[in-house]
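Just so you know, residue 1 is the first one in the sequence shown, and it goes up from there. Note that the coordinates shown come from a computational prediction; the quantities given were computed from them, not determined experimentally.
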Amino acid sequence: MVKLFLTDVDGCMTDGGMYYTAEGEAMKRFCVYDGMGMVCLQQAGIPCGILTSEQSPIVKARAEKLKLRCLYLGVGSKVNPNCLTKLQAAQEICGQLGISLDEVCYLGDDINDLDLLRAVGHPCCPPNARPEVKAIPHIHVTKTPGGQGAVRELCDEIIANANANE
């Protein structure tokens with residue numbers, strides 16, 4: 001049973017594109033369905049969080065708007081090898097919640113997600129994920145692409161499974 005839902009951002013909560021203004025400000029497009037899915041999941045008693053290698057004020061603002069319990073910016077970055085890995089961040093969250101990685105659903109799509117995806121009990125990826133990610137044994141590939149409702153699809157499935165087990 002899933003007791004924690006975590007996701008990457010770029011390629012999972014977004015389509016993986018980065019938009020820049022002439023002034024160099026980055027912008028991201030989030031799917032409102034994903035946000036509502038995370039809100040509903042949290043209302044069902046399952047905490048949600050974001051693990052991203054980006055140090056993005058945009059992601060921080062999105063997490064705050066959704067009142068996400070967990071937000072780790074700058075983790076798993078190939079640019080900064082001194083930061084926590086995504087696996088270490090997830091282990092830290094699990095320790096705080098008193099749960100195991102087997103009870104975690106993680107949605108990731110790229111090579112910096114591999115270690116965590118291999119460690120969690122419920123590894124998931126969108127269909128636009130890298131081939132290395134989709135090759136992980138027992139990974140659940142969503143029907144919906146990242147940035148277009150992949151997070152919502154998983155949130156709805158987790159809620160349905162939790163209700164079926166009551």
Side-chain angles (χ1 to χ4, degrees), residues 1-18 28-54 56 58-60 62-63 65-77 84-94 97 99-162:
M1 179 167 178
V2 173
K3 293 188 178 175
L4 172 65
F5 175 74
L6 298 172
T7 184
D8 179 33
V9 175
D10 296 320
C12 294
M13 292 184 77
T14 74
D15 63 6
M18 297 245 184
K28 296 179 184 288
R29 178 192 165 277
F30 293 94
C31 177
V32 295
Y33 300 129
D34 290 343
M36 182 56 74
M38 294 175 89
V39 167
C40 290
L41 197 56
Q42 291 181 128
Q43 287 174 345
I46 299 171
C48 297
I50 292 173
L51 306 177
T52 181
S53 60
E54 296 284 320
S56 170
I58 296 168
V59 173
K60 183 178 182 200
R62 185 69 178 143
K65 179 176 175 96
L66 299 175
K67 296 180 175 45
L68 299 184
R69 182 151 177 192
C70 312
L71 173 63
Y72 280 71
L73 301 171
V75 294
S77 171
L84 287 177
T85 66
K86 289 185 178 187
L87 177 57
Q88 290 168 328
Q91 289 169 324
E92 190 172 285
I93 296 166
C94 287
L97 297 175
I99 64 171
S100 73
L101 285 171
D102 286 340
E103 299 168 301
V104 175
C105 176
Y106 181 65
L107 178 67
D109 70 319
D110 212 336
I111 58 172
N112 61 341
D113 297 309
L114 289 171
D115 289 343
L116 181 52
L117 285 166
R118 289 182 182 125
V120 298
H122 307 274
C124 301
C125 71
N128 51 292
R130 298 289 308 151
E132 305 93 321
V133 171
K134 290 196 266 188
I136 293 172
H138 310 294
I139 195 160
H140 172 74
V141 180
T142 63
K143 294 178 184 81
T144 314
Q148 297 179 33
V151 170
R152 178 62 177 268
E153 180 183 323
L154 290 174
C155 290
D156 289 349
E157 288 176 15
I158 293 167
I159 291 169
N161 287 337

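For residues 119-143, the side chain to side chain donor-acceptor pair (under 3.5 Å) pairs, not counting sequence neighbours, are H140-E157.
The number of heavy atoms from other shown groups lying within 6.0 Å of CE (M18) is above 12.
Residues forming a salt bridge (charged side-chain N to carboxylate O under 4.0 Å, His left out) with D109 (at least two apart in sequence, or on another chain): none. Listed by chain and number, the residues in a side-chain hydrogen bond (donor to acceptor under 3.5 Å, both in side chains) with S56 amount to none (sequence neighbours excluded). For R152, the salt bridge (charged side-chain N to carboxylate O under 4.0 Å, His left out) partners two or more places apart in sequence, or in a different chain, are D156. Y33 meets the side-chain hydrogen bond (donor to acceptor under 3.5 Å, both in side chains) test with no other residue; sequence neighbours excluded. Taking the side chain to side chain contact (heavy atoms under 4.5 Å, CB included) definition, one finds that K65 meets it with R62, sequence neighbours left out. Listed by chain and residue number, A162 satisfy the side chain to side chain contact (heavy atoms under 4.5 Å, CB included) test with M1 (two or more places apart in sequence, or in another chain). In this structure D15 satisfies the side-chain hydrogen bond (donor to acceptor under 3.5 Å, both in side chains) test together with Y19, sequence neighbours excluded. For D110, there are no salt bridge (charged side-chain N to carboxylate O under 4.0 Å, His left out) partners at least two apart in sequence or on another chain. Listed by chain and number, the residues in a side-chain hydrogen bond (donor to acceptor under 3.5 Å, both in side chains) with Q42 amount to none (sequence neighbours excluded).
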Residues T85, D115; criterion side chain to side chain contact (heavy atoms under 4.5 Å, CB included); working and verdict
CA-CA 9 Å; T85 66; D115 289 343; 5.8 Å; no
Apply side chain to side chain contact (heavy atoms under 4.5 Å, CB included) to K60 and L73, showing your working.
CA-CA 8 Å; K60 183 178 182 200; L73 301 171; 4.1 Å; yes
Begin with the C-alpha distance, continue with both residues' side-chain angles, and end with the deciding distance and a verdict on side chain to side chain contact (heavy atoms under 4.5 Å, CB included) for L84 and Y72.
CA-CA 9 Å; L84 287 177; Y72 280 71; 4.1 Å; yes
Take V2 and N161, measure what side chain to side chain contact (heavy atoms under 4.5 Å, CB included) needs, and give me the verdict at the end.
CA-CA 9 Å; V2 173; N161 287 337; over 6 Å; no
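When atom types are taken as modelled, the side chain of Q148 and the backbone of P145 share no donor-acceptor pair closer than 3.5 angstrom.
Contact between L116 and A90 at its shortest, heavy atoms only, is CD1-CB, 3.6 Å. Looking at every heavy atom in both residues, I93 comes nearest to C70 through CG2-SG, 3.6 Å. Considering all non-hydrogen atoms of both residues, P47 and G45 come closest at CD-O, 3.5 Å. Annotation for L41 and C48: closest pair CD2-SG, 3.6 Å, computed over non-hydrogen atoms. For the pair P126 and C12, the tightest heavy-atom approach, listed with the atom from each and the gap, is CD-SG, 4.1 Å. Among all heavy-atom pairs drawn from L87 and A119, the shortest one is CD1-CB, 3.6 Å.
When side chains are defined from C-beta on, I136 counts as touching L114, because their heavy atoms get closer than 4.5 Å. Using a 4.5 Å heavy-atom threshold, the side chains of V141 and C124 count as separate. At least one side-chain heavy atom of F30 sits under 4.5 Å from a side-chain heavy atom of T14. Side-chain contact between D113 and Y106: present, with at least one pair of heavy atoms (C-beta onward) separated by less than 4.5 Å. Side-chain contact check for M13 versus V151: some heavy-atom pair is nearer than 4.5 Å. Residues V59 and L71 meet the side-chain proximity criterion, which asks for heavy atoms closer than 4.5 Å.
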Atom pairs and distances, side-chain donor-acceptor, residues 4-11, under 3.5 Å, sequence neighbours left out:
from, atom 1, to, atom 2, distance (Å)
D8, OD1, K86, NZ, 3.0
D10, OD1, K28, NZ, 2.7
D10, OD2, K28, NZ, 3.2

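Considering OG of S100 and NZ of K3, their distance stands at 8.0 Å, rounded to 0.5 Å. Going from atom CD1 of I50 over to atom CE of M38 covers 5.5 Å, rounded to the nearest 0.5 Å. Atoms CD1 and CG, on I46 and L97 in that order, are 12.0 Å from each other to the nearest 0.5 Å.
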